[in-house]
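Below is one structure, written out as structure tokens; the observations come after it.
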Amino acid sequence: MFSLVATGIQMIGEFERRKEDLQSTQARAAELVSGSMSNNIWLMNYSEVANSSMI
């Protein structure tokens with residue numbers, strides 16, 4: 001019974017760690033895309049904006 005509880009706690013910890021990693025990766029990707037997208041909007045480069053929003 002103890003090993004079952006310990007495994008459950010370990011799995012919850014691993015899930016939380018992976019979720020935080022994914023959120024961090026998504027935030028970095030959003031920062032990268034938003035910079036070039038805002039620049040393309042400023043330059044009125046609508047075709048590049050359309051392409052970058054597909055990512």
Side-chain angles (χ1 to χ4, degrees):
M1 188 62 153
F2 176 74
S3 66
L4 183 63
V5 171
T7 301
I9 292 171
Q10 184 179 12
M11 289 178 69
I12 290 170
E14 180 69 15
F15 171 78
E16 291 297 323
R17 185 186 65 77
R18 288 185 181 212
K19 185 174 79 170
E20 289 171 6
D21 288 346
L22 179 59
Q23 288 173 336
S24 173
T25 302
Q26 288 175 335
R28 281 183 287 171
E31 288 172 10
L32 290 172
V33 170
S34 68
S36 64
M37 189 179 292
S38 64
N39 188 41
N40 286 328
I41 290 172
W42 180 256
L43 297 173
M44 303 288 192
N45 193 348
Y46 296 115
S47 63
E48 284 299 317
V49 171
N51 288 337
S52 62
S53 67
M54 299 283 187
I55 297 175

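Position 1 is the first residue of the sequence; numbering continues from there. We use all heavy atoms of the structure for the numbers below, so side chains are in, but hydrogens, waters and symmetry mates are not.
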Quick one: side chains of residues 2-12, donor-acceptor pairs under 3.5 Å with protein atoms, not counting sequence neighbours, listed by atom name and distance.
unit_1	atom_1	unit_2	atom_2	d
Thr7	OG1	Ser3	O	2.7

Name all residues meeting the side-chain hydrogen bond (donor to acceptor under 3.5 Å, both in side chains) criterion together with Arg17; count only those two or more places apart in sequence or in a different chain, and write none if there are none.
Glu14, Asp21
With Thr25 via side-chain hydrogen bond (donor to acceptor under 3.5 Å, both in side chains) - residues at least two apart
Arg28
